[in-house]
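All remarks here apply to the structure that follows.
Every chain is numbered from 1 and lettered A, B, ... according to where its sequence line falls, protein lines coming before strand lines.
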Amino acid sequence: MNARYHRLKGTRDILLEEAERWRWCEDVWARVLGRYGYGEIRTPIIEPTALFLRSVGEGTDIVDKEMYTFEARDGGESLTLRPEMTASVVRAYLENGLQRQPGTLKFFYMAPMFRHDRPQAGRYRQFHQLGVEALGSDSPVLDAEVIQLAMALFDAVDARGLLVKVNSIGCRACRPAYLDDLKTYLKGRLADIPESLQGRIETNPLRLYDAKDDQMQAVLGGFRPITEALCEACREHHAIVLDTLARLEVPVQADPTLVRGLDYYTRTTFEITAGSERKQSSVAGGGRYDHLVEQCGGPSTPAVGFSIGIERTLLHLGDDVIDPQLSRQPAVDVYVACRGRAAEQHGLQLADLLRGFCRVEVDTTGRALKTQVKSAVARRARLMLTVGPEEIETDTVQVKNLDSGDQAAVARGHLLTAVREVLEG
RNA sequence: GUGGAUGUAGUUCAAUGGUAGAGCCCCUGGUUGUGGUCCAGGUUGUUGUGGGUUCGAAUCCCAUCAUCCACCCCA
């Protein structure tokens with residue numbers, strides 16, 4: 001309240017126990033990803049604006065109204081804080097000449113993204129995604145593996161009760177004709193379509209499918225879904241994806257109305273939702289993007305990927321909120337209490353002696369000894385060392401076992417063995 | 001971008017238009033240098049901010065900002 005500076009709207013501080021929680025998830029996920037053959041990629045959070053305009057697509061909410069875009073100081077180039085990372089991965093793939101690598105390249109990342117949206121539960125302006133991109137294979141079996149991987153990642157952190165929806169939105173061969181037919185149909189039913197949605201008929205008719213408006217859904221219900229308009233190749237691809245998932249025993253729901261907010265998807269799209277009562281239930285989304293690499297100036301390269309919302313996953317796990325005030329400081333093995341400022345230097349030297357094999361905190365607050373003992377207990381220390389004028393005089397240290405309460409003076413020369421004995425014995 | 005709710009101590013919350021309080025937390029002491037309980041004391045506020053009404057505003061009015069929630073959209 002009285003702090004002079006405040007965090008920006010839609011951003012969050014993650015500290016101590018909550019940060020530990022994050023790192024635990026990240027470690028678990030990195031291990032799973034390694035088992036699937038994915039390697040990490042880290043790219044700059046800032047990119048030329050054009051990269052996102054081209055890939056994510058003009059006409060999407062993300063580029064139309066949610067990007068953090070600004071001009072560079074020099075030269076006035078337009079720059080943007082990444083709203084998602086697929087485009088960056090493709091850029092890096094081409095820029096580093098990886099299209100010459102044999103086989104399918106598989107990358108993962110866990111990184112912050114930025115969207116200037118109105119914040120609410122589970123939605124932030126800086127949020128984090130775990131993402132996966134596999135470049136170089138057009139196999140439907142890979143689509144299935146990627147979806148299974150997403151579920152394995154959730155499973156690894158005990159996120160349960162998730163629903164996977166899968167669809168195909170066709171390819172260059174079959175989608176354009178479908179879109180034309182759909183537009184014609186929608187124009188004929190214009191009177192039944194809410195005004196706020198009418199603009200989308202021209203710009204992005206497919207996306208009307210994820211409007212929640214009942215009237216809109218009723219209109220769309222009168223038209224064949226895209227799944228019934230797929231070309232032969234897309235139809236087969238979709239069938240194999242579903243069949244493979246069935247063989248892997250990944251429960252999914254085929255949903256012909258599932259489309260996604262990004263322009264670059266082809267064929268397979270999928271979304272994973274947490275069936276909780278909360279809104280923002282979408283915890284992951286992804287799909288195939290067979291033309292994006294080409295569109296970014298590279299050779300024709302099929303690819304598939306997804307991203308998981310980390311905040312939303314933690315929200316679903318129910319332990320997102322940790323009160324900073326109740327968030328405990330890290331546990332230590334040994335707590336060094338100091339009587340008087342002069343003792344602090346000695347305390348630090350003792351700590352230095354012990355830190356080769358255990359965790360040590362030196363209390364430099366100058367508080368009453370009683371208070372320092374309480375802190376030692378709060379930090380879950382097993383031993384407390386006390387240094388004061390008398391110990392300095394006699395070159396000893398008071399060693400107190402906080403479990404038993406026993407305490408004895410130990411010559412500094414014997415401290416190391418004494419501490420080891422308790423901690424390791 | 002639209003709508004709703006809420007802003008008082010570090011925190012959780014009180015306070016008919018009449019001197020801004022309590023619990024918890026924190027600190028000191030009781031115990032010349034030791035954990036729990038108890039006891040005594042102590043710190044913390046431009047009542048989000050700026051205007052207005054009034055003899056007098058935390059309280060009523062207006063504006064503004066912030067947070068939360070929902071729509072939209074998405075992760």
Handout entry: d(CD, E66(A); C1', rG1(B)) in whole Å
Key = 11 Å
Practice task
Look at the side chain of R115(A) and the base of rA75(B), then say whether one donor and one acceptor between them are separated by less than 3.5 Å.
Solution key: yes
Problem - Note: E145(A)-K106(A) ion pair, threshold 4.0 Å (strictly below) - result: yes
Fill in the blank from the handout: Between CE of M384(A) and P of rG33(B) the distance, given in whole Å, is 13 Å
Handout entry: Any N/O donor-acceptor pair, Q407(A) side-chain to rU34(B) base, under 3.5 Å
Key = yes
Practice task
May I have the distance from F306(A) (atom CZ) to rA75(B) (atom P), rounded to whole angstrom?
Solution key: 13 Å
Exercise for the section: Scan R207(A) against the nucleic acid and name what it touches under 4.0 Å (heavy atoms): base, sugar-phosphate only, or nothing. Expected result: sugar-phosphate
Practice task
Compute whether any side-chain donor of one residue and acceptor of the other, for T60(A) and N204(A), lie under 3.5 angstrom apart.
Solution key: no
Handout entry: Flag for S139(A)-S137(A): side-chain donor and acceptor within less than 3.5 Å
Key = no
Practice task
Examine rC27(B): is either OP1 or OP2 under 4.0 Å from a nitrogen or oxygen in the side chain of R367(A)? Give yes or no.
Solution key: yes
Practice task
With heavy atoms under 4.0 Å as the rule, sort D61(A) into base, sugar-phosphate or nothing.
Solution key: sugar-phosphate
Fill in the blank from the handout: The Watson-Crick or G-U wobble partner of rC55(B), with both key distances under 3.5 Å, is rG18(B)
Problem - Sugar-phosphate only, base, or nothing, as touched by I62(A) at under 4.0 Å among non-hydrogen atoms - result: nothing
Handout entry: Q345(A) atom CD, neighbour heavy-atom count above 12 within 6.0 Å
Key = no
Practice task
Look at the side chain of K400(A) and the base of rG33(B), then say whether one donor and one acceptor between them are separated by less than 3.5 Å.
Solution key: no
Exercise for the section: Identify whether any heavy atom of K370(A) sits under 4.0 Å from a base atom; if not, whether one sits that close to sugar-phosphate; answer base, sugar-phosphate or nothing. Expected result: base
Exercise for the section: Assign R123(A) to base, sugar-phosphate, or nothing according to its heavy-atom contacts below 4.0 angstrom with the strands shown. Expected result: base
Practice task
Examine the base of rC73(B) for any acceptor or donor lying under 3.5 Å from a partner atom in the side chain of R118(A), and report the outcome as yes or no.
Solution key: no
Practice task
Using a 4.0 Å heavy-atom cut-off across all strands, classify R379(A) as base, sugar-phosphate, or nothing.
Solution key: nothing
Practice task
For T371(A), report the nucleic acid contact type (base, sugar-phosphate, nothing); a contact means any heavy atom under 4.0 Å.
Solution key: sugar-phosphate
Practice task
Could you verify whether a donor N or O on one side chain and an acceptor N or O on the other, from Y289(A) and E133(A), lie under 3.5 Å apart?
Solution key: yes
Practice task
To the nearest 0.5 Å, tell me how far L135(A) CG sits from L98(A) CG.
Solution key: 9.0 Å
Problem - Watson-Crick or G-U counterpart of rG3(B), or none if no pair lies under 3.5 Å - result: rC69(B)
Problem - hbond_proxy Q129(A) side chain to rC74(B) base (donor-acceptor, 3.5 Å cutoff) - result: no
Practice task
Would you indicate what V377(A) reaches in the nucleic acid, counting non-hydrogen atoms under 4.0 angstrom: base, sugar-phosphate, or nothing?
Solution key: base
Exercise for the section: Would you indicate what D406(A) reaches in the nucleic acid, counting non-hydrogen atoms under 4.0 angstrom: base, sugar-phosphate, or nothing? Expected result: nothing
Practice task
Find the partner of rC25(B): check Watson-Crick (N1-N3 plus N6-O4 or O6-N4) and G-U wobble (N1-O2, O6-N3) distances, both under 3.5 Å, and reply none if neither fits.
Solution key: none
Practice task
Using only heavy-atom distances, decide whether a donor-acceptor pair under 3.5 angstrom links the side-chain of E391(A) to the base of rG33(B).
Solution key: yes
